Amino acid sequence: VMVLILVVIGTSVFTNAQNSQKNIALRAAVYADTGDFYLENGVGPSSIHDNKTDTFFSTTETTAQNTTETVTMVLDGTYQVSSISLVPRGVTRNGLPVDFTLSVYNGSEWVEIDRKKDNAKTAETYTLNNLDVTCTAVRLSATKLSLVLGSSKYALQLAEFKIFGLKAD
């Protein structure tokens, strides 16, 4: 019974309630192509897929809002992706970019699947649902950063980068 309870708890943590698909980002390799970043709570870029909103990834704060910062999630195989969510920094709920694109790597090229311009909801989770793309990687490319709460500087700050889907045949 105890093992069954652990399995149920583990499954509920790692699945999307909408479609019962696993958060495949949990096993992804994370690459941050940024000018610089710093460690928060002892965790670097890997904190964006640790299933915790009290840790986060942040680029170094800058005075230039129009700065390109890229985070790439390389999956552990080919997946049919149905949903992607970007969760802003935990307690302060800020850090999503103002302008950004989401792209997927289909095995031969990067394909843009979404472009957001003048995002006024930088403190809210951004979710892209109803996707039907096959890919081996997902990339967030921010070109205009949001203001860091309590600062006059800008940064990309993410608590979680979630990708839901199923292993492709």
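Please read all numbers here as calculations on a predicted model, not as lab measurements.
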Quiz item: What distance do Leu86 atom CG and Glu124 atom CD have between them, rounded to the nearest 0.5 Å?
Solution: 13.0 Å
Self-check item: Step-by-step side-chain contact (heavy atoms from CB on, under 4.5 Å) determination, Val104 to Asn106
Solution: CA-CA 6 Å; Val104 295; Asn106 64 12; 5.5 Å; no
Quiz prompt | Min side-chain heavy-atom separation Leu158-Phe56 under 4.5 Å | solution = no
Quiz item: For Ser85, does its backbone N or O pair with a side-chain atom of Glu160 as donor and acceptor, under 3.5 Å?
Solution: no
Self-check item: Heavy-atom side-chain contact between Asn51 and Leu26 under 4.5 Å
Solution: yes
Quiz item: With the 4.5 Å side-chain cut-off for hydrophobic clustering, are Val81 and Val74 part of the same group?
Solution: no
Quiz item: Under a 4.5 Å side-chain heavy-atom rule over Ile, Leu, Val, Met, Phe, Trp and Tyr, are Ile84 and Val30 clustered together?
Solution: yes
Self-check item: side-chain contact (heavy atoms from CB on, under 4.5 Å) assessment of Thr70 paired with Leu140
Solution: CA-CA 6 Å; Thr70 303; Leu140 166 67; over 6 Å; no
Self-check item: Rounded distance (nearest 0.5 Å) linking atom CG of Asn129 with atom OG of Ser82
Solution: 7.5 Å
Quiz item: Stepwise, does the side-chain contact (heavy atoms from CB on, under 4.5 Å) test hold for Ile24 with Phe164?
Solution: CA-CA 6 Å; Ile24 56 179; Phe164 293 93; over 6 Å; no
Practice problem: Without swapping roles, check the side chain of His49 against the backbone of Ala25 for a donor-acceptor pair under 3.5 Å. | Solution: yes
Quiz item: Nearest 0.5 Å, what's the NZ-CG distance between Lys167 and Leu75?
Solution: 8.5 Å
Exercise. Please confirm whether the backbone N or O of Phe57 pairs with a side-chain atom of Ser47, one donor and one acceptor, at under 3.5 Å?
Key: yes
Quiz item: Quick one: CG on Leu96 to OG1 on Thr125, what's the gap to the nearest 0.5 Å?
Solution: 7.0 Å
Exercise. Give a yes or no on this: more than 12 heavy atoms of other residues, nucleotides or ligands lie within 6.0 Å of atom CG of Asp118.
Key: yes
Quiz item: Is any side-chain heavy atom of Val98 closer than 4.5 Å to a side-chain heavy atom of Gln65?
Solution: yes
Exercise. With the side chain counted from C-beta on, respond yes when Val148 and Tyr154 share a heavy-atom pair under 4.5 Å apart, and no when they do not.
Key: no
Exercise. Give a yes or no answer on whether the side chain of Ser103 reaches the backbone of Trp110 with a donor-acceptor pair at less than 3.5 Å.
Key: no
Quiz item: Is any side-chain heavy atom of Leu145 closer than 4.5 Å to a side-chain heavy atom of Thr62?
Solution: yes
Quiz item: Met73 and Tyr105: same hydrophobic cluster, using ILVMFWY side-chain contacts below 4.5 Å?
Solution: no
Result block: side-chain N/O donor-acceptor pairs under 3.5 angstrom for residues 131-139, not counting sequence neighbours:
unit_1 : atom_1 : unit_2 : atom_2 : d
Asp132 : OD1    : Gln80  : NE2    : 2.3
Thr134 : OG1    : Gln80  : OE1    : 2.4

Quiz item: Is there a donor in the side chain of Glu112 and an acceptor in the side chain of Thr101, or the other way round, less than 3.5 Å apart?
Solution: no
Quiz item: Regarding Thr143 and Asp99, is there a side-chain donor-to-acceptor distance under 3.5 Å anywhere?
Solution: no
Quiz item: Going hydrophobic residue to hydrophobic residue with side-chain gaps under 4.5 angstrom, can you get from Leu102 over to Val111?
Solution: yes
Quiz item: Taking side chain as C-beta onward, heavy atoms only, is Glu61 less than 4.5 Å from Ser151?
Solution: yes
Practice problem: Sort and list the pairs that fulfil ring pair (Phe, Tyr, Trp, His ring centres under 6.0 Å) and have at least one residue in residues 64-86, not counting sequence neighbours. | Solution: none
Quiz item: What is the minimum heavy-atom distance between Pro88 and Ala159, and which atoms define it?
Solution: O-CB, 3.3 Å
Self-check item: ring pair (Phe, Tyr, Trp, His ring centres under 6.0 Å) partners for Phe100, two or more places apart
Solution: Tyr126
